[in-house]
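The structure appears below as structure tokens.
Only a predicted model underlies this, so the values are computations on that prediction, with no experimental measurement involved.
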Amino acid sequence: EVQLVESGGDLVQAGGSLTLSCVVSGLTFDKYSIGWFRQAPGKERVGISCIGSLDDGSTHYEDSVKGRFTISSDNAENTVYLQMNNLKPEDTAVYYCAAEFAWHIGCNLDYDYEYDYWGQGTQVTVSS
């Protein structure tokens, strides 16, 4: 059974930091790219960061998080992290990680339907 389990969400003040973790099991981790998505109340889910498979390793960020968020992967632990700094109230959302089989170079933030597996999400709340 494939599982993606997010953790690390919390309530934090604006300007603070959090690190989200996504532990992946049940699939060949190094053959998948991993994406982080978020969904704020009343809004659509959007991709914010992704990292390519082991053979690729490229990273991409949505414009609003560039320079503040960093994605990384620990392939030995089948875990992807999202370090979030200088958090803003508009970062408040449920954060999801997802796995896409790496049939192409790079990773994808635009087409969430191409992701094969999803976690249940972790809540991040940033107070002003």
Main-chain N/O of Lys66 paired with Glu62 side-chain donor or acceptor, under 3.5 Å:
no

Does Asp91 come within less than 4.0 Å of Lys88, counting only side-chain N to carboxylate O?
no

Gln123 and Thr125 side chains, donor-acceptor separation under 3.5 Å
yes

Checking Asp56 side chain against Ile105 main chain: does a donor-acceptor pair fall under 3.5 Å?
no

Nearest 0.5 Å, please: how far is OG in Ser53 from NE2 in His104?
9.5 Å

Check Glu77 against Thr79 and note the closest heavy-atom contact, atom names and distance.
O-OG1, 2.8 Å

Within the 4.5 Å heavy-atom criterion, are Tyr96 and Arg45 side-chain neighbours or not?
yes

Rounded to the nearest 0.5 Å, what's the gap from CD1 on Ile34 to SG on Cys97? Could you check?
6.5 Å

Looking at side-chain heavy atoms only, is the closest gap between Thr122 and Ser7 below 4.5 Å?
no

Looking at CH2 of Trp36 and CG of Leu109, how far apart are the two atoms once the value is rounded to the nearest 0.5 Å?
13.5 Å

Partner set under ring pair (Phe, Tyr, Trp, His ring centres under 6.0 Å) for Phe37, not counting sequence neighbours
Tyr115, Trp118

Atom CZ of Arg68 and atom CD1 of Ile48: how far apart are they, to the nearest 0.5 Å?
9.0 Å

Give every donor-acceptor pair under 3.5 Å between a side-chain atom in residues 11-33 and any protein atom, sequence neighbours left out.
residue, atom, partner, partner atom, Å
Ser17, OG, Asn85, OD1, 3.0
Thr19, OG1, Gln83, OE1, 2.4
Ser33, OG, Glu100, O, 3.4

Interatomic spacing from CD in Glu90 to CZ in Arg38 - rounded to 0.5 Å
8.0 Å

Atom OG of Ser73 and atom CG of Asn78: how far apart are they, to the nearest 0.5 Å?
8.0 Å

Just wondering, do Met84 and Val126 contact through their side chains at under 4.5 Å, heavy atoms?
no

Student check: side-chain heavy atoms of Ile51 and Val80 closer than 4.5 Å
yes

Is there side-chain contact between Tyr61 and Ile71, with at least one heavy-atom pair below 4.5 Å?
yes

Closest non-hydrogen atom pair, Asp110 against Asn108:
N-OD1, 2.8 Å

